[in-house]
Structures are given as structure tokens and as C-alpha cells.
Novice: 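Submitted below is the structure of interest, expressed as C-alpha cells.
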Amino acid sequence: MTTVRTRFAPSPTGFLHVGGARTALFSYLFARKHGGQFILRIEDTDLERSTPESVNAILEGMTWLGLDYDEGPFYQTQRFERYQAVIDELFDKGLAYRCNCPKERLDKLRERQMAAKVKPRYDGHCRGKSIDPSEPHVIRFSNPVEGMVVVDDRVRGRVAFNNGELDDLIIRRSDGSPTYNLTVVVDDAEMGITDVIRGDDHLGNTARQINILNAWGKEPPRYAHLPMILGEDGSRLSKRHGAVSVIAFRDQGYLPEALLNYLVRLGWSHGDQEMFSVDDMIELFDIGAVNKAAASFDYAKLAWLNQHYIQHGDTKRIAHLLSPHLGHLDIDPSAGPDLTAVVEAQAPRAKTLAELAEISTFIYRDFDDYDPAAAKKHLRPVAREPLVRMRAALELLALEDWQPELLHHQVDQVAAELELAMGKVAQPLRVAVVGRAASPGIDVTLHLVGKEATLRRIDRALAFIDARAAQA
RNA sequence: GCUCCCUUCGUCUAGCGGUUAGGACGCUGGCCUCUCACGUCGGUAACAGGGGUUCGAAUCCCCUAGGGAGCGCCA
């Protein structure tokens with residue numbers, strides 16, 4: 001039995017988007033599941049549009065997702081001699097031919113075909129003509145004229161194409177460079193790719209590629225064409241739907257395991273299971289169980305998964321990943337409490353790391369203004385007494401006693417002394433210290449804010465209440 | 001226009017001839033509770049339409065409708 005070898009073959013004309021990431025993931029999983037190899041190949045034969053920046057962006061995305069490859073990255077631009085050799089071979093065997101049809105003829109042909117309501121395709125005009133290699137020309141593959149090509153696809157099943165529908169595609173441009181369908185075929189064959197997993201926009205190409213493979217005398221790999229990922233409105237996923245670059249997800253505070261988990265469930269499932277670690281995926285993934293229909297990207301569900309992983313992931317690691325997001329808010333995490341304590345306290349209320357950072361700013365610096373609704377509701381004259389009492393009680397607390405348990409006790413005490421419900425004391429205190437009505441438990445909140453800032457902010461709240469009373 | 005493909009709650013999906021059509025996200029009601037969350041219990045909501053085949057169809061076949069992809073000297 002031959003070893004399974006899959007590849008991910010992006011063209012470096014932009015960042016790594018989630019559709020590509022899912023294709024890469026499925027290829028990766030298939031290889032890992034079968035104990036095979038996963039290969040990365042950069043298809044940069046389009047010199048006009050390929051950029052080194054894009055290559056870096058793709059590599060960065062793969063690394064962030066943890067989709068490690070066993071071989072590569074290979075660059076097609078470094079394999080031009082191989083492609084030329086195969087083109088020559090096909091030409092010498094009469095399986096390809098020179099064509100010098102001018103653009104005008106091709107345009108007219110196409111026009112006529114459209115008018116006749118037939119599929120536009122090259123008519124094989126130059127087949128059998130002997131064209132001098134010194135004059136400008138391209139080389140076309142002689143596609144079989146009769147018969148059918150059958151793609152035995154792992155997700156689509158058997159898909160048949162009539163050879164009459166396929167035309168003689170160009171395999172070498174007039175500038176001498178090879179084209180996509182040729183390079184893919186050569187690389188997949190020579191890199192020993194056993195299973196090609198790619199987007200279903202390639203289904204049509206597959207028929208052509210199988211024909212080239214057959215002519216060249218190579219065994220075609222097995223194919224699996226994945227359905228597309230659509231935006232929330234059902235149209236092709238694009239930037240206008242939201243983030244599509246995996247790096248953008250990272251920068252917005254998504255965890256790679258959350259994105260991977262979300263992606264694996266797009267078109268694939270294992271019973272009712274929703275949570276999958278990468279190890280789970282490798283164990284359970286089944287390419288044959290992939291759906292045929294396109295799926296819409298649901299940002300809300302991704303957010304739910306992300307929250308789950310923020311909440312249940314290793315606290316130290318989450319803290320580490322949170323750090324740069326605090327930095328973006330001009331916060332120096334080392335100037336505050338232990339970051340893991342912040343993560344533990346806030347994780348249940350953040351869907352992204354960016355959000356986690358945002359709702360934690362009060363821990364590091366005084367807030368600018370009170371949330372109007374919160375201030376109106378809780379910083380009223382009735383709150384004055386509880387706040388004064390709290391301040392007095394807290395001031396007596398030694399720095400080393402500034403711990404959640406003792407802080408909780410203080411709030412309890414004041415509430416009991418004033419015969420007030422816990423909330424009547426805790427809420428004004430919370431708004432005073434946080435600036436808004438939502439935060440972790442009041443004990444944890446006070447602990448994270450620290451004694452000095454807590455007392456300062458209570459004073460500020462008292463002044464606020466007095467000023468408001470004077471105004472009324 | 002032509003070729004190929006797809007169609008179960010709003011979304012991701014389970015289902016593979018007999019189910020009260022299940023789960024998850026979202027939305028929503030209760031509980032928990034110092035707030036917001038988390039958690040937990042419940043609710044809402046789907047087989048695109050029409051013909052067959054069959055004792056019996058979400059499941060098999062055909063047609064219609066809707067959607068998608070491809071038809072480059074792009075990949």
C-alpha cells in the first residue's frame with residue numbers, strides 16, 4: 001500500500017483566507033489520519049500577480065493554525081525546467097501542438113459560439129498544422145475528441161464529462177511559461193501526491209487534468225472536491241461579509257483552535273459532536289463524510305467556539321495571547337495584577353481576546369466617564385452611605401489582606417450593618433470602581449483593581465454623587 | 001447561453017425506507033445570582049415544489065424551481 005500524500009497548493013496572490021484554510025485543514029487531516037505526508041506547494045506561475053508578501057502571509061497563516069507540513073514549501077517558479085521537459089515530451093509524442101491563432105480569430109470564434117448557444121471553446125484549428133517554432137505560438141494539449149472522462153470523486157461521487165465539452169487547452173504560453181493545468185499535473189505526479197483535496201471550483205479542471213495525465217502515461221490521484229464557503233447572505237464569502245483572512249481572525253483575538261474547530265464543522269460532522277481538538281479531528285475525520293452542499297460562514301457560531309476555548313484553554317497560554325491585545329489599548333500588562341488572574345476572572349464574558357482586553361481596562365487605569373445608565377441608576381444619594389461605609393472598611397484592610405475572601409466579607413458586613421441587600425452595596429461600589437454595571441464578582445473586581453485605586457475611585461464616586469445632588 | 005454540481009430549522013448539521021425528523025449556534029422563557037456573563041432546565045423553528053416506485057418515503061427515480069461553480073496565454 002502506498003503512503004498517502006496530500007498537498008495544499010495556494011497561489012500567492014493574497015492572504016490565506018478561511019476557504020483556503022479549510023482546504024488545507026482537510027488535506028492535513030487526511031494525511032495525518034492515514035499516517036501520510038502533507039505537502040505545501042506555492043503555485044506562483046503567475047508572475048504578474050504573485051508576490052513575496054502573499055507567500056509570507058500564507059506561511060504565517062499556516063504556522064498560526066499549526067498546520068505543519070512535512071515537505072515544502074515548493075515553488076513552481078523553481079520547477080520550470082521540469083514543466084518544459086514534460087511539454088516537450090507531450091509535443092514530441094504528438095499529444096500537444098503549436099497554435100498561432102491570432103486573438104482576433106479566437107474572439108470571433110467565441111462570439112459565433114455564443115450566438116449559436118454552444119459552449120465557447122477552441123476548435124482545434126491548428127491541430128495537424130506544422131507551425132515554425134520561431135514564430136510566436138502557444139502549445140495546446142490535444143484533448144481527446146471522443147469519449148468521456150470520469151472523475152471518481154470522494155465527496156461528489158462519479159462525475160462524468162463528455163470530452164466534446166473540453167477543448168485543447170493551452171499548456172505553454174507564448175512567452176514560454178507553463179500554465180496551471182500543466183504544472184499541477186506535473187507536480188502532483190512527480191511529488192507523488194495520492195490524494196488531491198481542493199475546492200470544487202476545480203471540478204472542471206480535474207477532467208482536463210485527468211486527460212493530460214492519461215496522455216502522459218501517469219496514474220491520476222484520487223480526488224476530493226470540497227464545497228465552497230459562502231457568506232452569511234449565501235453569496236461567495238468575501239471581505240464585505242467580515243474577516244476572511246486567517247490573520248485577521250488572529251488579530252481580532254480568535255484562537256487558532258477555535259477557528260480550526262469551526263472550520264472542520266463546515267461541511268463535515270461526526271454525529272452530534274461539536275467540539276474537536278486537532279487530535280480528535282485526526283482520529284475521526286472522514287473525507288467521505290464531507291457534505292456536497294456549500295456552507296455559509298456563521299460568525300456567531302465561531303464566536304461561541306472561541307469563547308469556549310478562551311474559557312477552557314490553558315490559562316497561562318490565554319494570558320500570553322491576551323498580552324498584545326492589552327498592548328493595543330496602551331496597557332502594560334506587567335503594571336497590573338497577574339494576567340492569569342485577569343483571564344480567570346474575565347474569560348466567561350469575552351468572545352474574543354480583543355474583547356477580553358477591552359472589558360479589562362478598568363483593572364489597569366481609571367476609566368474616563370461613567371456609563372450614563374449605570375451612573376444614573378446606582379450613583380444616587382442613597383448609595384452615599386454604603387459607599388462611605390465601604391471606604392472606611394476597606395481602608396482598614398491591610399494590603400496583604402486585599403484578597404477576594406476578605407473583600408467579600410467586608411461587603412457582606414456593610415450590607416448587614418445597613419440592613420441592605422448585597423446588591424444595594426455591591427452595585428454602587430461596582431459602578432464606582434469599574435465605571436459600568438458589569439464586571440466579575442465584586443470581591444474579585446476589588447482585588448484586581450487594588451486598594452489604592454479602589455479608594456481613589458470611591459472618593460470620585462462620592463464627589464460625583466454630591467455634585468449631582470447639588471445640581472438637582 | 002452551454003457543461004457540471006447542490007437543495008433538512010435563520011445558520012452549521014444528524015438522518016442513509018418505518019423517528020414525536022435529533023443535536024449545535026442564534027433568538028427566547030425559567031433557574032442560579034452582588035451586576036454582566038458563565039452554567040443549567042425549557043421553548044421557537046426545517047425535509048424547496050410536483051410527480052412517481054413502495055404496504056410505507058427526508059431517505060430511491062423523474063420533472064420543475066431556486067442556488068452555485070466552470071467555460072482565460074488566472075490559479
Side-chain angles (χ1 to χ4, degrees), chain A residues 9-13 43-46 48-50 76 99 103 106 110 113-122 137-140 151 153 156-157 159-162 164-167 169-181 183-184 198-205 207 225 227-228 230 232 234-236 262 265-275 291-305 307-308 311 346-351 359 374 377-378 408 411-412 415 421-431 434 436-443 445:
Chain A
S11 62
T13 54
E43 310 220 319
D44 54 355
T45 53
D46 185 344
E48 292 292 309
R49 299 194 301 162
S50 298
Q76 293 194 317
C99 166
K103 190 172 183 304
L106 265 19
R110 182 190 175 76
Q113 289 167 328
M114 288 292 262
K117 297 182 192 297
V118 297
K119 186 174 177 174
R121 57 189 195 275
Y122 183 65
H137 68 276
V138 298
I139 291 188
R140 289 181 185 272
V151 182
D153 194 271
R156 301 330 262 250
V159 183
F161 292 87
N162 205 317
E165 295 295 331
L166 277 23
D167 61 359
L169 72 168
I170 291 170
I171 55 176
R172 179 156 76 195
R173 302 186 182 93
S174 47
D175 67 0
S177 63
T179 59
Y180 169 75
N181 280 296
T183 59
V184 169
R198 57 180 19 162
D200 70 5
D201 47 333
H202 284 289
L203 198 52
N205 285 324
H225 288 90
M228 309 213 49
L230 310 175
E232 280 171 322
S235 69
R236 192 172 187 149
Y262 179 71
R265 284 285 288 102
L266 229 42
W268 178 76
S269 61
H270 178 71
D272 287 340
Q273 188 171 342
E274 293 289 349
M275 300 296 177
N291 262 324
K292 296 183 179 78
S296 290
F297 198 95
D298 183 359
Y299 290 88
K301 187 162 183 180
L302 202 216
W304 169 72
L305 279 165
Q307 177 167 45
H308 171 87
Q311 208 173 158
Q346 296 280 224
R349 72 209 97 226
K351 291 191 182 302
I359 61 173
K377 185 171 179 187
H378 299 291
H408 193 272
V411 180
D412 260 346
M422 177 82 159
K424 296 291 183 194
V425 179
Q427 276 308 86
L429 186 53
R430 170 172 284 111
V431 177
V434 180
R436 46 192 176 193
S439 84
I442 193 64
D443 45 3
T445 297

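Every heavy atom of this structure was used, including side-chain atoms; hydrogens, water molecules and symmetry mates were not. Reminder, nothing fancy here: chain letters follow the sequence lines and each chain counts from 1. Model, not experiment: these values are computed from the prediction.
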Novice: Might you list the N or O atoms of the protein lying below 3.5 Å from N or O atoms in nucleotides 14-16 of chain B, with each pair's distance?
Specialist:
{"residue": "B:A14", "atom": "OP1", "partner": "A:S269", "partner atom": "OG", "Å": "3.2"}

Novice: Who are the salt bridge (Lys or Arg N to Asp or Glu O under 4.0 Å) partners of A:K351, not counting sequence neighbours?
Specialist: none
Novice: With sequence neighbours excluded, what pairs up with A:A415 under the side-chain contact (heavy atoms from CB on, under 4.5 Å) test?
Specialist: A:V425
Novice: Who pairs with A:H408 by ring pair (Phe, Tyr, Trp, His ring centres under 6.0 Å), at least two apart in sequence or on another chain?
Specialist: none
Novice: Determine the interatomic distance between C1' on B:C38 and the same-named atom on B:C32; round to the nearest Å.
Specialist: 11 Å
Novice: For the CD atom of A:E43 and the OG1 atom of A:T13, what is their distance to the nearest 0.5 Å?
Specialist: 11.0 Å
Novice: Which comes earlier along RNA chain B counting from the 5' end, the contact point of A:P178 or that of A:V159, where each point is its nearest nucleotide?
Specialist: A:V159
Novice: Which value, in whole Å, describes the distance between the C1' atoms of nucleotides B:G18 and B:A75?
Specialist: 49 Å
Novice: For the P atoms, the ones on B:G10 and on B:U53, what distance do you get once it is rounded to whole angstrom?
Specialist: 32 Å
Novice: Output the rounded distance in Å from OH (A:Y262) to P (B:A24).
Specialist: 17 Å
Novice: Atom pairs under 3.5 Å, N or O on each side, protein against nucleotides 64-72 of chain B: can you list them with distances?
Specialist:
{"residue": "B:C71", "atom": "O2'", "partner": "A:P120", "partner atom": "O", "Å": "2.8"}

Novice: Hey, does A:A421 reach any base, or is it just sugar-phosphate, or nothing, if we go heavy atoms under 4.0 Å?
Specialist: nothing
Novice: How would you label the contact of A:T183 with the nucleic acid (heavy atoms, under 4.0 Å): base, sugar-phosphate, or nothing?
Specialist: nothing
Novice: Would you mind classifying the nucleic acid contact of A:S296 as base, sugar-phosphate or nothing, using non-hydrogen atoms under 4.0 angstrom?
Specialist: sugar-phosphate
Novice: Select base, sugar-phosphate, or nothing to describe what A:V138 touches, counting heavy atoms under 4.0 Å on all strands.
Specialist: base
Novice: Just by protein heavy atoms under 4.0 Å, how would nucleotides 25-50 of chain B read 5' to 3' in B, S and -?
Specialist: B--------BBBBS------------
Novice: Between B:G39 and B:C47, how far apart are the P atoms? Round to whole Å, please.
Specialist: 31 Å
